[in-house]
4 protein chains.
Amino acid sequence: MADRPSPGRPGRKRSEESRLAILTAAMELTAEVGYAGLTIEGIAARSGTGKQTIYRWWPSKADVLLDALATKARLHIPVPDEGGYEADLRRFLGDTFELGSRPQVIDLLRALMAEAQINENFGERFREEFLRRRRDALGEILTRARARGDLPAGLPPETVTDIVFGTLWYRILATRRLPDRRLIDELVTALTGPTA
Amino acid sequence: MADRPSPGRPGRKRSEESRLAILTAAMELTAEVGYAGLTIEGIAARSGTGKQTIYRWWPSKADVLLDALATKARLHIPVPDEGGYEADLRRFLGDTFELGSRPQVIDLLRALMAEAQINENFGERFREEFLRRRRDALGEILTRARARGDLPAGLPPETVTDIVFGTLWYRILATRRLPDRRLIDELVTALTGPTA
Amino acid sequence: MADRPSPGRPGRKRSEESRLAILTAAMELTAEVGYAGLTIEGIAARSGTGKQTIYRWWPSKADVLLDALATKARLHIPVPDEGGYEADLRRFLGDTFELGSRPQVIDLLRALMAEAQINENFGERFREEFLRRRRDALGEILTRARARGDLPAGLPPETVTDIVFGTLWYRILATRRLPDRRLIDELVTALTGPTA
Amino acid sequence: MADRPSPGRPGRKRSEESRLAILTAAMELTAEVGYAGLTIEGIAARSGTGKQTIYRWWPSKADVLLDALATKARLHIPVPDEGGYEADLRRFLGDTFELGSRPQVIDLLRALMAEAQINENFGERFREEFLRRRRDALGEILTRARARGDLPAGLPPETVTDIVFGTLWYRILATRRLPDRRLIDELVTALTGPTA
DNA sequence: GACTAAACGAGACGGTACGTCTTGTCTTTCG
DNA sequence: CGAAAGACAAGACGTACCGTCTCGTTTAGTC
C-alpha cells in the first residue's frame, strides 16, 4: 500500500485530498464498469489527478482498491466473548455475513481475490493485509475454545479456519449464492458436531 | 468452447493439428510466463498458427485454457461405490487431491477461477462446464449416502458440497497450502462426525 | 485480364455467369463503398462466388474493375474524318467528354489511375490496355492532320497528345472540375493557334 | 497536418526529434519498399517511436509523407519577374522540372496523387496544401502577363494552369516520361503562340 | 518536491483483408 | 458410360496491419 513519508523532510506534503479522490473514483468506477474495465487512466481522469500521482503511491489498481476497502469500508470485526465456542462462532459468522452482504463489497472482494491469483506480488499483500487479519479474528475464538476444551477432536483450529472461510469464499466465488443464516447453522453443526 | 461443424458441408475442415498445437502452447506458456503474461499473440506465435484461428474458435485466452484442461488433463473422476459414505468420501477426496497435485494444473485452476471473477461470460462457462461437473460427481456420492441414511442430520448435501470444495479451493487460492492426506481425515471427521 | 483457355480440353468450362456477377458486384460495390472500401472478399460475397474464382482469373481488384470497365462501358470512340484537324479534334474531345461525364465512370478512372501509381504491375497493364488505346485514337487524328499539313510548327504529335490527355486527367484528378464545352474551345485554341 | 499546441501549457512538449525521425523513416521506407509497402508500423519501428506518436500527429501515412515533402524537400519556387510572359513561363517551368527531377520526389508525388484519389479526406488536404500552392505560383506569373497584355486571346489563366500542370502530371502519372527541356519549348509554343 | 498535464516508447488488443489451401460438388471432354 | 480434368462455392488457414487502448515513464510547468 502507500508508504507514508517521514515527517520533517522538504517538499510538498502528500495531498490527502487527491488520495481520497482517487480511492473514491476507484470504487465508483469499479461499480460502474467492473474491475476488468477499471484502468489507472480512468481513475486519474475521474479523480482529477495525474496518473503519476497514482503510480507514485500504489503499485497497481488492485492495491488502490485494497486501500479503498480498508479506508472506506469498516472491515474490523470485534470478537467479543459470548461465553461459549458455539455462541462465539455463531456471532462471528453473523458479523462476517453482514459485512459481506453489500453487493459492492462482494464484487470488490471477488476482484481482489482474482487479482491475487494473477499478480503474485499483490497476492502476497492481499493475503498478509486482508486474509490473515480475518483468520486471526477467528483464531482468537478458537484459542478461547481450545482453552475451554470445546474443540472437537480431530479438527485442529487451522482446519476449522480453512473450512469456515473456504465455505464462505466458495459460495461467493464459485456459486454466486451469498452466504445466509441457514449456512451459519449448518456450519456450526459441522464444526461443533462431535462434542454436541 | 469450439463448435463442431456438421459433416458433409463444403469448405476446409478444422485442423485438429492446429487445435492441439494451440492448446499445448497455451499450457506451456502459462507455465513459463504465468497467466498474466499469457497473450493470444503469444499462443499464436508459439503454436505456429494465426491469431484469427484462435479467435475463430475460442472467445478468450481463458477459454483456450479451459479447453486445454478438459482435453489434456484427464479430469474425469470415477465415483465407484466403496460400500459406505465415509469410504466413498475418502476415495473421492483422495482422487481429487491426486488430480490437483500437479502444480501446473493448480496454477491453471487458480487462473481460471480468477478469470471467472473478472470476466462474467467466461465465469458462466467455467461454472457450467467445470465446477458443476465436479459438484455433480460428489453429488452422486451424497445421493448414495442419503439412500443409506448415512448423512448426518442438519447438513444438506448442497452444504456438504460447499464445504468440501470450499475448503479445497480456499487452501489453493488463499493459503497456497495444497490439500493433503491430513486434510482428508479432518474433512471426513467434520462431515461424518455426528453419525460416527 | 483473364486468359481464355484453349477450347477442346477437358474440365468444366469457365462460368460466364460468375464472371459477369463478379464484374457487376465490383462496380456496384465501388459505387457504394468507394474503391478503398472495395475488397475481394466483398466482391465474392456480393456476387455469390468464391474468392478463389476471382483470384483464378484476375490478379487484383483493380484488374477486375478494368475488366468491368472494358466489358460494361462502351469505351470505343470512333474517329471519323470530319474533314479538318480542328473539326476532328473538336469531335474527338466532345466524344471523350461525353464518355467521361458519367460520375461512376469518372470515379472508376480515378481509382484505376491511382492504383496504377501504387501497383507497378497493374500500372503497366493499365497503360497498355487502356491509356495507350486512347492515345492511339488521338494519334490517328494527328496523323491525318500531319498529312494535311495542319499541325502547328513546334508541336510534335506526342506533345499534343500529352497536352490533351494531361489537361483532361488533371481536371479530374487534381481539381475535381469535370471537363466541359468551354475547355474544348480553349484546348483547340491552344493547339491549333499558330496556324489559325 | 500537425497542430501546434499553444505555448505555456503544462505537459511534455512535442518531441522534435521524434518528428524528424518519423519523417526521415517514412521517406527512406518509401524509397526502399514503395508506397504500397509503407506501413505505420514500419515507420514506427524504423524511427524508434511508437505507433501512437504517429497517430497522434498525422491521420494517415500519406499525411506523414506530405509533411516530409514540405519539411525536407525545399518546395518553394520563387517567381522572379524575368521581364516578359514567355521568359517568366520558361523560368517557372525550368525551376519546376528541376525540382521534380529527383526520382525520389517523383515517386512521392505519384503516391500522394494516388492516395488523394482514394482517400477523400487526404485528397482535400493535398489539393489545399500542395496543389493549390503550385497553381498560385503560376497564377502570379499569369497575373503579371495579363497586366502586360501578353496573354493570348481565348486562353483564360485558369486553363493555362490546367494545361501546364496537366501536361506535367500526365507525363509523370501516365507515360512515365519525365518532363524535359524539349517539353518546355513545346509548352511555351502552345501557350504563347498567337502573340508570337 | 508533490502536483496536474500531456507526450512518449512499447506492445497487446480485437478486428479485417489478404492470398493460399482444402473439401466436396458439379460440369465437361475423352477413352 | 466412366474416368480424368478442372471450375465451382464454401470456408479454414497463416500472415500482416489496422487503429485503439493502456501501460508505466518522462518531461514540463505550477503550487
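Worth knowing before you read on, the calculation uses all heavy atoms, side chains too, and leaves out hydrogens, waters and symmetry mates. In what follows, every chain begins at residue 1, and chains take the letters A, B, ... in the order their sequences are listed.
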Exercise: identify the closest heavy-atom pair between B:A36 and B:K61:
O-NZ, 4.0 Å
Between B:R12 and B:S47, the residue closer to the 5' end of DNA chain F by nearest nucleotide is B:R12
Could you check whether any side-chain heavy atom of A:L66 comes within less than 4.5 Å of a side-chain heavy atom of A:F122, counting everything from C-beta outward?
yes
Just how far is it from atom CG of D:L112 to atom CG of D:L69, taken to the nearest 0.5 Å?
6.5 Å
Are any non-hydrogen side-chain atoms of A:R125 and A:P59 less than 4.5 angstrom apart?
yes
Counting only side-chain nitrogens and oxygens, does C:W57 get under 4.0 Å of the OP1 or OP2 atom of F:dC8?
yes
DNA chain E contacts among residues 49-56 of chain A, heavy-atom distance under 4.0 Å
A:T49, A:G50, A:T53, A:R56
Starting at atom NZ of D:K13, determine the distance to atom C1' of E:dA6, rounded to an integer number of angstrom.
12 Å
Could you check how far CD of C:E17 sits from C1' of E:dT27, rounded to whole Å?
13 Å
Please give me the minimum heavy-atom distance between B:S47 and B:A25, naming the atom from each residue.
CB-CB, 3.8 Å
Output the rounded distance in Å from CZ (D:R14) to C1' (E:dG9).
15 Å
Closest approach of D:V64 to D:L23 (non-hydrogen atoms, all atoms of both residues)
O-CD2, 3.6 Å
Answer yes or no: is there a side-chain heavy-atom contact under 4.5 Å between C:I40 and C:W58?
no
Heavy-atom side-chain proximity of B:Q117 to A:M113 below 4.5 angstrom
no
Have a look at the helix from E:dG1-F:dC31 to E:dG31-F:dC1 and give the angle its two end axes make, five pairs each, rounded to 10 degrees.
10°
Rounded to whole angstroms, how far apart are CD on A:E16 and P on E:dA2?
16 Å
Near DNA chain E, counting only heavy atoms under 4.0 Å, which residues of residues 22-46 of chain D show up?
none
If you pin D:G11 and C:G48 to their nearest nucleotides in DNA chain F, which one's is more 5'?
C:G48
Sidechain N-carboxylate O distance under 4.0 Å for D:E32, D:R46
yes
Can you tell me if C:E17 has over 12 outside heavy atoms packed within less than 6.0 Å of its CD?
no
Phosphate OP1/OP2 of F:dA12 contacted by B:S18 side-chain N/O (<4.0 Å):
no
Within the structure, does a side-chain N or O atom of D:K61 lie under 4.0 Å from either OP1 or OP2 of F:dC17?
no
Is the closest basic N to carboxylate O distance between A:R19 and A:E16 below 4.0 Å?
yes
